[in-house]
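Working notes, beginning with the structure itself.
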Amino acid sequence: MTEFNFDTVFDETMQTHNLDTVVILGHLNPDGDAAGSVMSLAHYIHVNYPQYRVFPYLAKTLERGPKKMVVEDKIFVPFEMPDISGKQYCVIVCDNATLERMIGLEYYQNAAASIVVDHHASNEGYGDVNWTKVSEACAENVYHMLSSELLLNAAQKEAYPNAADYIYLGILHDTGGLARANQGIFQAVADLMAMGVDHGRIMKTLHSDTLDILYKRADILHGAVRAMDGRVAYVIMGQKEIAEKDITYEDIHCISTILRDCDDIELGFTMYEEEENGWRCSFRSDGKWINVNELLKPFGGGGHISAAGLKYQTDNVEELKKQILDRVAEMKKKQ
Ligand SMILES: [Mn+2]
């Protein structure tokens with residue numbers, strides 16, 4: 001399925017099940033794209049379908065940058081959730097590949113109907129309607145599935161941040177500030193600007209570092225190690241070091257991207273022990289040197305060709321790292 005008309009599917013779903021409530025969910029530790037996709041749909045429905053009640057749901061662990069925009073939301077913040085006991089409602093899930101990563105899973109499980117919109121190659125295909133199209137940002141897919149007329153209406157009826165602002169937020173964040181873009185993205189970005197989006201204002205959500213954050217990041221980068229003739233670089237951080245240096249997952253989350261973006265590095269990754277023997281790993285490449293979604297599949301991880309994650313239980317992280325590097329070497333040999 002390459003084209004998807006949200007309004008038709010949404011209208012039909014609400015009417016056949018006789019529903020008046022919509023809950024919108026995203027993934028754990030929401031980033032700009034998850035927040036942008038969820039919140040843009042919430043505003044779009046709020047303005048264009050006033051007969052329905054809308055409840056967007058974002059985890060409290062929202063990233064610093066997108067949070068700057070979300071805290072200004074006067075329609076939905078502070079978030080409130082409906083009492084779902086005995087109530088029928090529709091759930092829309094955005095930017096979330098697997099049930100394991102979904103935030104608010106209980107809402108999904110008790111929904112009368114579900115619509116899934118995603119851009120991950122690793123999407124499990126769950127939901128009554130599952131529209132997954134691999135692209136740079138889920139918000140880009142959201143943009144293309146909506147009626148431009150109704151989106152313009154939502155942008156004109158509400159002050160910042162409105163549906164168009166949120167789509168723009170998602171696109172900016174998942175493309176690294178339009179660093180990874182194509183014609184379709186620039187088309188969407190230009191259309192959104194024509195609807196009144198202020199590019200400079202939303203760019204500020206990408207720049208939310210403080211000097212203390214940079215000090216910490218420099219410290220983490222000092223611990224980076226090279227492998228495979230220096231073309232791979234990684235950071236492994238166990239619980240002891242995490243406690244000593246007070247490193248949160250948010251502190252380490254960007255490191256794999258920073259490593260990958262180095263001119264002399266092709267693959268960057270981090271392994272972070274978020275609970276005893278529970279490793280949360282993040283892999284970044286350009287998607288061509290190595291496909292990290294394929295790389296992590298045998299280990300139970302995945303995501304996109306150039307950005308993928310893995311959660312793994314082991315008391316021997318060195319062995320896990322070795323197995324992954326062996327697979328990198330094997331995949332490179334076959335290329
Ligand atoms: Mn995304």
Side-chain angles (χ1 to χ4, degrees), residues 26-29 31 33-34 93 95-103 105 116 118-127 130 132-138 174 180 223-239 242 249 252-262 265-335:
H27 64 69
L28 280 169
N29 304 306
D31 55 8
D33 190 34
V93 186
D95 196 28
N96 178 71
T98 66
L99 292 183
E100 207 193 337
R101 286 202 75 206
M102 192 187 298
I103 193 78
L105 183 63
V116 178
D118 191 23
H119 72 125
H120 292 88
S122 57
N123 188 287
E124 284 172 340
Y126 64 93
N130 183 302
T132 297
K133 184 183 176 190
V134 174
S135 68
E136 289 293 343
C138 184
D174 258 20
R180 293 175 297 282
V225 179
R226 288 183 191 261
M228 300 188 69
D229 297 327
R231 310 192 75 180
V232 176
Y234 60 87
V235 171
I236 298 180
M237 192 163 293
Q239 284 212 308
I242 289 168
Y249 185 74
I252 206 165
H253 178 70
C254 61
I255 299 293
S256 54
T257 302
I258 293 173
L259 292 173
R260 182 269 316 268
D261 287 342
C262 289
I265 293 169
E266 304 286 356
L267 168 67
F269 68 88
T270 54
M271 304 176 117
Y272 178 87
E273 194 178 14
E274 64 179 351
E275 55 192 38
E276 204 183 336
N277 297 330
W279 294 84
R280 187 160 165 202
C281 313
S282 162
F283 285 70
R284 297 290 184 272
S285 73
D286 67 356
K288 294 190 187 96
W289 191 81
I290 194 146
N291 175 335
V292 288
N293 183 44
E294 286 299 320
L295 172 65
L296 297 182
K297 257 188 198 165
F299 303 94
H304 308 280
I305 56 168
S306 58
L310 167 70
K311 281 192 175 192
Y312 203 88
Q313 289 287 329
T314 179
D315 59 4
N316 189 350
V317 72
E318 282 301 317
E319 177 58 24
L320 172 64
K321 179 202 75 185
K322 186 185 169 298
Q323 284 176 10
I324 292 174
L325 286 176
D326 285 349
R327 180 160 162 80
V328 173
E330 201 182 299
M331 285 173 71
K332 287 306 291 175
K333 235 190 320 184
K334 285 188 192 144
Q335 272 180 4

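By convention here, the first residue in the shown sequence is residue 1. Values reported hereafter were calculated over all heavy atoms of this structure, with side chains retained and with hydrogens, waters and symmetry mates removed.
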Item to check | Criterion side chain to side chain donor-acceptor pair (under 3.5 Å) against Asp118, the qualifying member of Asn130, Thr98, Asn123 | outcome: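 Testing each of Asn130, Thr98, Asn123 against Asp118, the sole residue satisfying side chain to side chain donor-acceptor pair (under 3.5 Å) is Asn123.
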Checklist entry - Quick check: are there more than 12 heavy atoms from other residues, nucleotides or ligands sitting under 6.0 Å from CD of Gln239? => result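 For Gln239, atom CD is crowded (more than 12 foreign heavy atoms under 6.0 Å).
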Checklist entry - Heavy-atom count around Gln335 CD within 6.0 Å, excluding the residue itself: above 12? => result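 Count over threshold, so yes.
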Shortest non-hydrogen contact from [X] toward [Y]:
{"X": "Ser306", "Y": "Arg260", "value": "O-NH1, 4.0 Å"}
{"X": "His27", "Y": "Ile103", "value": "O-CG2, 3.9 Å"}
{"X": "Met237", "Y": "Trp279", "value": "O-CZ3, 3.5 Å"}
{"X": "Ser135", "Y": "His119", "value": "O-ND1, 2.7 Å"}
{"X": "Lys311", "Y": "Leu28", "value": "NZ-CD1, 4.4 Å"}

Checklist entry - With sequence neighbours excluded, what pairs up with Arg280 under the salt bridge (charged side-chain N to carboxylate O under 4.0 Å, His left out) test? => result Glu274
Item to check | Residue list, salt bridge (charged side-chain N to carboxylate O under 4.0 Å, His left out) with Glu275, at least two apart or on another chain | outcome: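 Glu275 satisfies salt bridge (charged side-chain N to carboxylate O under 4.0 Å, His left out) with no residue once adjacent residues are dropped.
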With rounding to the nearest 0.5 Å, note down the distance linking [atom1] in [X] to [atom2] in [Y].
{"X": "Gln313", "Y": "Asn277", "atom1": "CD", "atom2": "CG", "result": "7.0 Å"}
{"X": "Met102", "Y": "Leu99", "atom1": "CE", "atom2": "CG", "result": "5.0 Å"}
{"X": "Phe269", "Y": "Ser282", "atom1": "CZ", "atom2": "OG", "result": "10.5 Å"}
{"X": "Leu325", "Y": "Tyr234", "atom1": "CG", "atom2": "OH", "result": "6.5 Å"}
{"X": "Ile258", "Y": "Ile252", "atom1": "CD1", "atom2": "CD1", "result": "10.5 Å"}
{"X": "Arg231", "Y": "Ile265", "atom1": "CZ", "atom2": "CD1", "result": "11.0 Å"}

Item to check | Any donor-acceptor N or O pair under 3.5 Å, side chains His253, Asp31 | outcome: no
Checklist entry - Do you see a donor-acceptor pair shorter than 3.5 Å between the side chains of Tyr126 and Asn96? => result yes
Item to check | Derivation and outcome, side-chain contact (heavy atoms from CB on, under 4.5 Å), residues Lys332 and Leu267 | outcome: CA-CA 12 Å; Lys332 287 306 291 175; Leu267 168 67; over 6 Å; no
Item to check | Presence of salt bridge, Glu318 and Lys321, under 4.0 angstrom | outcome: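 A salt bridge links Lys321 with Glu318.
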Checklist entry - Is Lys322 salt-bridged to Glu319, cutoff N-O under 4.0 Å? => result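 Result for this pair is no, no salt bridge flagged.
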Next on the checklist: Is there a side-chain contact (heavy atoms from CB on, under 4.5 Å) between Asp174 and Arg180? Walk through the geometry before answering.
Outcome noted: CA-CA 8 Å; Asp174 258 20; Arg180 293 175 297 282; 5.9 Å; no
Item to check | Stepwise salt bridge (Lys or Arg N to Asp or Glu O under 4.0 Å) check, Lys333 with Glu330 | outcome: CA-CA 5 Å; Lys333 235 190 320 184; Glu330 201 182 299; over 6 Å; no
Using side-chain heavy atoms (C-beta onward) and a distance below 4.5 Å, is [X] in contact with [Y]?
{"X": "Val328", "Y": "Trp289", "answer": "yes"}
{"X": "His120", "Y": "Asp95", "answer": "yes"}
{"X": "Val317", "Y": "Tyr312", "answer": "no"}
{"X": "Leu295", "Y": "Arg327", "answer": "yes"}
{"X": "His304", "Y": "Glu136", "answer": "no"}

Between [X] and [Y] (side chain of the first, backbone of the second, donor and acceptor by atom type, cut-off under 3.5 Å), is there such a pair?
{"X": "Asp33", "Y": "Cys138", "result": "yes"}
{"X": "Ser285", "Y": "Ile290", "result": "yes"}
{"X": "Ser122", "Y": "Gly303", "result": "yes"}

Item to check | side-chain contact (heavy atoms from CB on, under 4.5 Å) between Ile324 and Phe283, intermediate numbers included | outcome: CA-CA 11 Å; Ile324 292 174; Phe283 285 70; 3.7 Å; yes
